[in-house]
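Read the numbers this way: they start at 1 and go in the same order the structure lists the ligands and their atoms.
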Amino acid sequence: MKELLSRIIVGKDPVVESRIAHTRILLTGQVAMVGIFISLFYIIRNLILQLNVSYHYHAILLSVMILVLVLNRKGYYLAAKILFLVTANFLIFLFSSAASYYTGSFIYFIPIFLAAFVLFGYEERTKAIFFFLLTLFLFILAHLTDFHIVPQVTLSTRKMFESFIVNFFTASFLTMLLINFLIRENYYYTEELIQNEEQLLDKNTQLTKINQELDQFVYSTSHDLRSPLSTILGLLQVMELEKEKENAGYYIELIRNRVHALDHVIGEILDYAWNQKTGIQQDAINLHALLTEILTNFLQDEKTQKISIQIEVQPTLEIISDRRRLKIILLNLLSNAIRYHQYDQSNPFIRVSSTIHQNQLEICVEDNGPGIHPDHQEKIFEMFYRASDKTTGSGLGLYIVKEATEKIGGTIHLRSDYGKGSSFMIRLPMLQ
Ligand code: ADP
């Protein structure tokens with residue numbers, strides 16, 4: 001019904017600059033339709049009762065209101081509004097100055113006062129004030145002076161009563177239409193304002209968080225970048241002072257370790273930035289092959305060779321996920337499991353297993369290393385959080401793991417028995 005009315009009034013795809021302009025155009029059409037209804041009612045009634053009273057004025061009202069509808073539909077919105085208000089003012093003046101108070105035709109002055117402001121709105125308030133003053137002038141002329149263009153009509157009490165009922169209801173309906181428009185628009189914009197405010201508060205909280213993270217980021221990364229550099233500078237000085245040239249190899253090894261640490265931090269910063277910025281990919285991944293690829297690098301290290309690394313993943317298992325993010329996640333978890341392991345304990349192991357459960361892929365990276373103290377377990381995924389003073393890392397690894405996991409729609413949980421080992425459980429949605 002609403003759709004049909006809108007189609008009749010504005011056509012299929014009107015080009016309108018704003019929502020309020022659109023509803024105003026609809027309203028112009030609606031009030032013109034009420035005008036058509038009133039004129040038709042009186043024309044039909046007068047025809048049936050074979051009366052001659054103000055017959056042609058209703059015909060004028062009918063044709064002008066049809067013209068208003070046409071102008072409005074053709075996009076001449078201002079012309080339609082002006083034509084409507086001029087005609088309505090003029091006819092209301094004619095009817096109410098010619099008919100008795102008891103017909104109630106003066107009630108139309110109320111919606112016509114309102115219409116001026118509602119149709120033009122605040123943007124075109126000078127036009128609205130002009131029509132308001134015109135209506136006020138015509139009201140005074142019709143009711144406080146003896147001026148009238150058409151001779152006064154005398155109607156029977158019954159006909160006056162009939163006219164009163166029709167006029168009262170249509171004028172009330174028109175008033176309701178206009179007030180409803182105001183209330184609806186007010187409601188719409190208040191709601192929009194509330195929503196905008198909520199979004200703004202949300203954005204503000206996000207920005208504050210990002211700002212704090214950035215502060216911490218700048219502080220911690222500059223510290224993590226400077227500390228290996230200072231060590232390298234110190235080692236170089238010691239090397240210069242060293243008389244025994246054969247000791248150089250020892251210092252070079254220490255410097256190499258520091259350079260690797262530096263490289264690691266830079267790599268983590270790059271991974272972090274990449275994860276924040278880049279959209280998600282959907283790649284077909286063979287999980288077993290990916291794990292083998294990651295472990296190949298680690299296995300060259302002598303210490304890693306002391307750990308039994310078990311991959312309990314079906315070699316044929318293919319999943320759809322973001323390959324690079326999954327690689328970052330597994331690489332960080334495996335690197336931690338290796339770096340923090342106690343190589344000299346009996347039977348050190350790392351186990352990576354996978355299961356499919358309720359359309360979700362679960363990957364578990366487990367080790368029987370030192371475990372993580374319960375005091376640290378909650379904070380372990382925070383940015384730059386280190387669970388012990390002995391760690392050489394930046395504390396960014398698990399933060400990146402969590403961010404990347406969440407970005408590909410997954411979750412990560414830690415289960416750790418302090419002194420016995422840790423297991424990180426990742427749950428990922430199984431994409432088709
Ligand atoms: P880092 O760069 O310091 O390794 P992470 O965010 O990767 O930073 O890890 C945070 C802390 O969690 C580490 O400093 C370490 O103390 C602890 N940790 C992470 N993984 C393990 C693990 N598998 N076993 C024991 N401790 C771990």
Discussion item. So, using ring-ring contact (aromatic ring centres under 6.0 Å, His included) as the criterion, who are the partners of Tyr340 when residues are at least two apart?
Written reply: none
Worksheet item: What residues sit with at least one heavy atom under 4.0 Å from ligand 1?
Response: Asn336, Ala337, Arg339, Tyr340, Asp367, Gly371, Ile372, Ile380, Tyr385, Arg386, Ala387, Ser388, Thr391, Gly393, Ser394, Gly395, Leu396, Gly397, Leu398, Ser422
Discussion item. Under 6.0 Å from the ring centre and within 45 degrees of the ring axis: does the NZ or CZ of Arg45 meet both conditions for the six-membered ring of Tyr42?
Written reply: no
Discussion item. Do Val34 and Ile38 make a side-chain contact, defined as non-hydrogen atoms from C-beta onward lying under 4.5 Å apart?
Written reply: yes
Discussion item. For Pro429 versus Gly409, what's the shortest heavy-atom pair and its separation?
Written reply: CD-O, 3.3 Å
Fill in: Partners passing ring-ring contact (aromatic ring centres under 6.0 Å, His included) against His260 (at least two apart in sequence or in another chain)
none
Extract all donor-acceptor atom pairs below 3.5 Å that involve side chains of residues 298-317 and protein atoms in other chains or at least two apart in sequence.
from, atom 1, to, atom 2, distance (Å)
Asp301, OD2, Lys303, N, 3.3
Asp301, OD2, Thr304, OG1, 3.4
Thr304, OG1, Phe298, O, 3.2
Gln305, NE2, Leu299, O, 2.8
Ser308, OG, Gln310, NE2, 3.0
Gln310, OE1, Arg351, NE, 3.0

